[in-house]
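Note that this is a predicted model, so its numbers are computed, not measured. Note that ligands are numbered from 1 as they come in the structure, with each ligand's atoms numbered from 1 the same way.
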Amino acid sequence: MNPVADQPLPALAGASRPQPRELRTVRQTTCCVVGAGPAGAMLALLLARQRVPVLLLEAHGDFDRDFRGDSLHPAIMQVLDELGLADQLLELPHRKLRRATLPASPPVTIDLSRLPGRFPYITLMPQAQFLDFLTAQAARYPSFELVMRANVRELIEQDTIVRGVRYHAPDGWHEVRAALTVGTDGRFSQIRRLSGLKPVITAATIDVLWLRLPRLSGDPEGATGGIGRGHMLLLVDRGDTWQLGMVIPKGSWPQLRGAGLDALRRTIAELIPWLTGRTGQLADWSQVSLLSVTADRLPRWHRPGLLLLGDAAHVMSPVAGNGINYAIADAVAAANLLARPLAAGTLTEWDLAAVQRRRQVAGPHHPEGHGRAARPPARPRAPLRNRAAQAGPVAAAHPAGPRPGAQAGGLRSPPRTRTPRTLRPWPESS
Ligand SMILES: Cc1cc2nc3c(=O)[nH]c(=O)nc-3n(C[C@H](O)[C@H](O)[C@H](O)COP(=O)(O)OP(=O)(O)OC[C@H]3O[C@@H](n4cnc5c(N)ncnc54)[C@H](O)[C@@H]3O)c2cc1C
């Protein structure tokens, strides 16, 4: 039985109050990225391409988890294309979603094939495969390192600046010191909790039941769904199976379970009549997982030495199927804005604030934008120093070696007029 999907990783005793540890290793890097989801893996790849030393820490031993989305939007494919990786990715098994029928009355069909560009479809690929691909690409660069089974539990702080993390691995505790720590550890972000940055809850009215049923030849292709009886049922074509996401009112799971599996089978059949013959495949509740949906955002994504991205900064509802898109766009903006100051050792909190600002100016409905959020911290009047970041993914996508005076995307930056505290990798004295 798997009643609740994707729970936070179990906390270790003493996690909130760091205690002296017997450390197996103490290492230093420029950027320590915590969490190898889409945001972390993409950020690490983009930084490694620009020769920034980056250490990516992932708590799990592999990427094979069910409770993740698998839709790669055209904007992501565009980024990969600019990196020269789209065609390689598309050699892996995937499906192309060109049409989706929304369960409205009457049904609304979205025809993605009319979109401009090389990728007028949503690429459906298990997220595990996508992450394997990104990290394998990053591993081609000597400045990249991935540590699996590295469960980050503590922030190292000095004079209110985050200086790195401590993680627990099967062989014990390890310490990583870094000029910048990036929390991309998802919707139950440990880094966010440890940082003290407080989220604003924006929506928590639904939960989702997650299950699969066989897909047969002659079924519709792409995505479809049905609505009624207080539920919405979304179906995503995964080749031989349909991934079903049933949206239910928050907190109604015990009642729904109490009504029995037969009632669930009947509801599915009523919402999607052509599934009737297949609902018998639901033999017990272990085939049904509950995803407790939250949606929130951090008004402020950063502290000195620390930046949060992806779901760690703004948990996305899975219903919109857009979380990966946003996570990747965050990573691109961060790499565009931070690669150069990281390489030069001149990173300041302004650079971190610029990442959040960059992700917010585009507005909620732009693939580059993310919702509304509090005004980022004011910056003293200074020239806009990173045109590459304004250019979006294109600038990030091209590998730019650390040419003196060159931007991450190869654009020149105006001189900095005033520099706040520089977040150096680690004080010489310590
Ligand atoms: C059921 C479900 C369905 C979804 N469907 C879609 C969809 O179809 N399309 C879509 O675009 N989005 C979908 N989403 C949302 C999408 O999966 C997320 O928005 C996206 O994965 C966020 O990426 P991320 O890199 O920020 O975080 P995550 O993908 O959550 O990655 C975080 C990583 O950090 C690791 N981690 C966590 N804690 C630690 C720690 N302490 N130390 C080290 N590592 C740690 C985790 O193991 C994980 O690998 C869905 C989400 C859910 C739950």
Side-chain angles (χ1 to χ4, degrees), residues 4-12 15 32-44 55-73 75-76 97 100 122-128 130-132 134-135 146-155 165-169 174 176 181-194 207-212 223 234-238 243-247 289-295 308-331 334 367 370:
V4 180
D6 198 20
Q7 287 294 293
L9 294 159
L12 295 179
C32 176
V33 181
V34 180
M42 180 56 94
L43 177 64
L55 179 63
L56 178 58
L57 302 175
E58 168 55 46
H60 287 91
D62 58 42
F63 297 121
D64 203 5
R65 275 152 286 135
D66 201 21
F67 304 107
R68 291 288 184 279
D70 51 7
S71 58
L72 305 180
H73 286 237
I76 299 175
L97 195 158
I122 292 175
T123 307
L124 294 175
M125 175 178 287
Q127 204 181 107
F130 179 57
L131 296 175
D132 270 333
L134 289 183
T135 50
L146 169 64
V147 182
M148 302 297 285
R149 296 183 205 281
N151 192 344
V152 174
R153 289 293 153 196
E154 294 174 359
L155 288 179
V165 299
R166 290 193 194 93
Y167 66 87
H168 192 260
H174 299 257
V176 180
T181 299
V182 183
T184 50
D185 51 342
R187 63 204 181 103
F188 299 116
S189 173
Q190 186 73 248
I191 298 296
R192 176 164 90 177
R193 191 182 65 75
L194 293 167
D207 288 328
V208 176
L209 298 187
W210 202 240
L211 58 143
R212 289 186 189 204
L234 300 169
L235 273 67
V236 178
D237 171 356
R238 284 189 158 176
Q243 177 69 63
L244 275 66
M246 182 187 279
V247 180
S289 299
L290 172 70
L291 168 69
S292 176
V293 174
T294 56
L308 289 145
L309 297 177
D311 272 11
H314 45 74
V315 176
M316 306 293 296
S317 160
V319 177
N322 219 2
I324 302 171
N325 201 19
Y326 277 55
I328 296 281
D330 284 1
H370 172 259

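Of all atoms in ligand 1, listed by their number and element, those nearer than 4.0 Å to a heavy atom of Asn322 are 10 (C), 11 (O). Of all the atoms in ligand 1, the ones that sit under 4.0 Å from a non-hydrogen atom of Gln127 are 17 (O), 21 (O), 29 (O). If you number the atoms of ligand 1 from 1 as listed, the ones under 4.0 Å from a heavy atom of Gly186 come out as 27 (O), 30 (O), 32 (C). For ligand 1, the atoms sitting less than 4.0 Å from at least one non-hydrogen atom of Val34 are 42 (N), 43 (C), numbered in the order shown with element in parentheses. Those atoms of ligand 1 with a heavy atom of Gly310 less than 4.0 angstrom away are 26 (O). Listed by number with element, the atoms of ligand 1 under 4.0 angstrom from any heavy atom of Thr184 are 32 (C), 33 (C), 34 (O).
Contact annotation: for Trp210 versus ligand 1, heavy atoms closer than 4.0 Å belong to the side chain alone. The proximity of Ala59 to ligand 1, defined as any non-hydrogen pair under 4.0 Å, involves the side chain as well as the backbone. At a heavy-atom cutoff of 4.0 Å, ligand 1 is contacted by the side chain of Leu291 but not by its backbone. The residue Ala41 has no part lying near ligand 1, judged by heavy-atom distances below 4.0 Å.
Polar contact with ligand 1: absent for Ala312 (N/O pair, distance under 3.5 Å). Among the atoms of Gly323, some N or O lies under 3.5 angstrom from an N or O of ligand 1.
Asp237 is linked by a salt bridge (Lys or Arg N to Asp or Glu O under 4.0 Å) to Arg95, Arg215, counting only residues two or more places apart in sequence or in another chain.
Formation of a donor-acceptor pair under 3.5 Å by the Arg166 side chain with backbone atoms of His174 is not found in this model. Ser189 contributes no side-chain N or O that, together with a main-chain N or O of Asp185, makes up a donor-acceptor pair within less than 3.5 Å. For Asp70 (side chain) and Met125 (main-chain N/O), no donor-acceptor pair under 3.5 Å exists by modelled atom type.
Comparing heavy-atom distances from atom 33 (C) of ligand 1 across Gly37, Ala150, Gly40, Ala128 singles out Gly37 as nearest.
Annotation for Gly40 and Thr184: closest pair CA-OG1, 3.3 Å, computed over non-hydrogen atoms. Residues Asp132 and Thr135 share a closest heavy-atom pair of O-OG1, 3.2 Å.
Counted by atom type alone, His314 and Asp330 present one or more donor-acceptor pairs between their side chains at under 3.5 Å.
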